[in-house]
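Report on the following structure.
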Amino acid sequence: MKFISTRGEASAVGFVDACLAGLAPDGGLYVPEEWPSIAPATTEESYVDVATRVIAAFADGELSLEVIRGICARAYERFSHQSVAPLVQTGPNAFMMELHHGPTLAFKDVAMQMIAQLFDHVLAERGERMSVTCATSGDTGGAAAAAFSGAGHVDLFILHPFERISPVQRLFMTTTGAPNVHNLALTDDFDACQAIVKALFADRDYVRQTSLSGVNSINWARIAAQSVYYATAQAALGSDRPLRFVVPSGNMGDALAGYVAARCGMLSGFEGVCAVNENDTLNVLFEQGRMRREQAVATPSPAMDISVPSNFERIAFEVSGRDASLIRQVYNQFAQTGDVDLPSQIKGPLRCSGLSSQSISNDTTMTEMATVLGETGWLICPHTAVGTAVARSLPPSESTTVVLSTAHAAKFPETVEQATGRDAPFPDRVKALAGRTEVFEKMAADPGAVREYILTHQRT
Ligand SMILES: *Cc1c(COP(=O)(O)O)cnc(C)c1O
């Protein structure tokens, strides 16, 4: 199967190359040339069984089934729950899908563990090495550190804003003890970290010289890996039961994965409600058909403090009837003006995509955490609370509602304490972290210094 760019000016590549590259060279995002048909999951299959089938459908012969099974088995063996993404009931016809049983207590582990195994396998086969870099405002960096620690063929460089991420989030990144995981704490904000990563990738010679790649939320491997739990949820709740997924969203990778699962035939219909915080650009996109760049504001759900949801480009491409030149036009205009009124070829069909969005205020997020505690006795994380608050506001439906729980409460103890008055203790499996030595390099947010650091610290 070939993967094409949403902007239509890059050559088609295979699955492995699309995943290793991340972004397409024309600035677009890779999508499968045509949607594979994938049989729905069954209750007889394990999570690894389903993941193997899904990845195999996209890899389409590039990797053997045994290799894919090995990658998936290793990716999910470190999860504390054998179901990987178990469902728990929260009310009548309402469930929560717990995606926080991975090593760093957030749903990013589900995709990152798989990417790390995939990258290390194909690089070993090719006799190559790669340097992977990512800017993080919290969860991605930790998930990447846990996933790539000890990978023989990858050196990981994580850029985080010094003293602007939570102490728990930092612990997950800085305590792996792995010599191939490098943490750079830049004395500036997240946008500065991201700008430096962008600048590194803009220099094609440097990218070639350092064999640089990224694992941000537009990487196709992440989308493919995340589509698996939508399929297992459908199987667990009954193959004919219509489901309404409520997805706490930022870059929209998670919600897109639900759309992909549906497009490939793994769901019985599709309704996906993106739950966003006060950074409501997604809302404006779905409701007004307007794409506007705004300054992200700080909220109790920081992993969703995103001003431009990057995966929206794939949805726009699909609903436009895969009109790459239209997408190119829209995104060029957006780059120039930061404000685009979507053309009717996108706006109209967007309403029939099954996707929608709702925004929740900071105050509601905080009271929601206390409400859920009262109803169920559970502490939930602030991102999940944005989801449950949206679910509460939806009109009654025949569909069963499934809210995706994207992180464990213990990852955001300060917010949980403030909202509920309760401690959110670490689960036993990560308690040891707190005593470990943190290793990170504090430096100025200077692109030149970061370039040099990567050059001198990557293994050759
Ligand atoms: C990343 C993240 C999200 C947002 O996911 P997207 O795929 O970017 O929409 C939500 N909740 C948590 C806890 C996250 O780490």
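First listed ligand is number 1; within each ligand, the first listed atom is number 1.
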- What is the distance from atom SG of Cys19 to atom CG of Leu118, rounded to the nearest 0.5 Å? 5.5 Å

- Nearest to atom 12 (C) of ligand 1, what protein heavy atom do you find, and at what distance? Thr406 OG1, 3.4 Å

- Message: Any heavy atom of Pro248 closer to ligand 1 than 4.0 angstrom?
- Response: yes

- Item | ligand 1 atoms in contact with Ala407 (distance to a heavy atom under 4.0 Å) | 13 (C)

- Element-labelled atoms of ligand 1 that are located less than 4.0 Å from some non-hydrogen atom of Gly253: 6 (P), 7 (O), 9 (O)

- Task: For the pair Phe312 and Phe286, name the ring-plane relationship: parallel under 30°, tilted 30 to 60°, perpendicular over 60°.
- Result: perpendicular

- Query: What residue and atom, counting heavy atoms only, is the protein's closest point to atom 8 (O) of ligand 1, and at what distance?
  - Reply: Asn251 N, 2.8 Å

- Message: Give me the nearest non-hydrogen protein atom to atom 4 (C) of ligand 1 as residue plus atom name, then the distance to 0.1 Å.
- Response: Gly250 N, 3.5 Å

- Task: Could you tell me whether Met304 approaches ligand 1 through its side chain, its backbone, both or neither, with non-hydrogen atoms closer than 4.0 Å?
- Result: side chain

- Task: Answer yes or no: are there more than 12 heavy-atom neighbours, outside Gln89 itself, under 6.0 Å from its atom CD?
- Result: yes

- Message: Could you report the tightest heavy-atom contact between Arg241 and Gln234, atom names first, then the distance?
- Response: O-NE2, 2.9 Å

- Task: Number the atoms of ligand 1 from 1 as they appear, then name those within less than 4.0 Å of a heavy atom of Asp254, with their elements.
- Result: 7 (O)

- Item | For atom 14 (C) of ligand 1, closest protein heavy-atom neighbour | Lys108 NZ, 2.9 Å

- Short list, please: which atoms of ligand 1 are under 4.0 Å from a heavy atom of Asp139? 13 (C), 14 (C), 15 (O)

- Query: Yes or no on side-chain hydrogen bond (donor to acceptor under 3.5 Å, both in side chains) for Asn311 and Arg314, after CA distance, side-chain angles and deciding distance?
  - Reply: CA-CA 6 Å; Asn311 276 295; Arg314 287 185 166 114; 2.7 Å; yes

- Message: Please evaluate residues Asp109 and Arg78 with respect to the criterion salt bridge (Lys or Arg N to Asp or Glu O under 4.0 Å), reporting the C-alpha separation (whole Å), side-chain torsions for both, the decisive distance (0.1 Å), and the verdict.
- Response: CA-CA 10 Å; Asp109 288 323; Arg78 292 181 61 200; over 6 Å; no

- Query: Using heavy atoms and a threshold below 4.0 Å, how should the contact between Met252 and ligand 1 be classified: side chain, backbone, both, or neither?
  - Reply: backbone

- Task: Please work out which of the three classes, parallel, tilted or perpendicular, describes the rings of Phe3 and Phe15, given edges at 30° and 60°.
- Result: tilted

- Message: Centroid separation under 6.0 Å, is that true for the rings of His101 and Phe79?
- Response: no

- Ligand-side contact atoms (ligand 1) for residue partner Ala303, heavy atom cut-off under 4.0 Å: 2 (C), 12 (C), 14 (C), 15 (O)

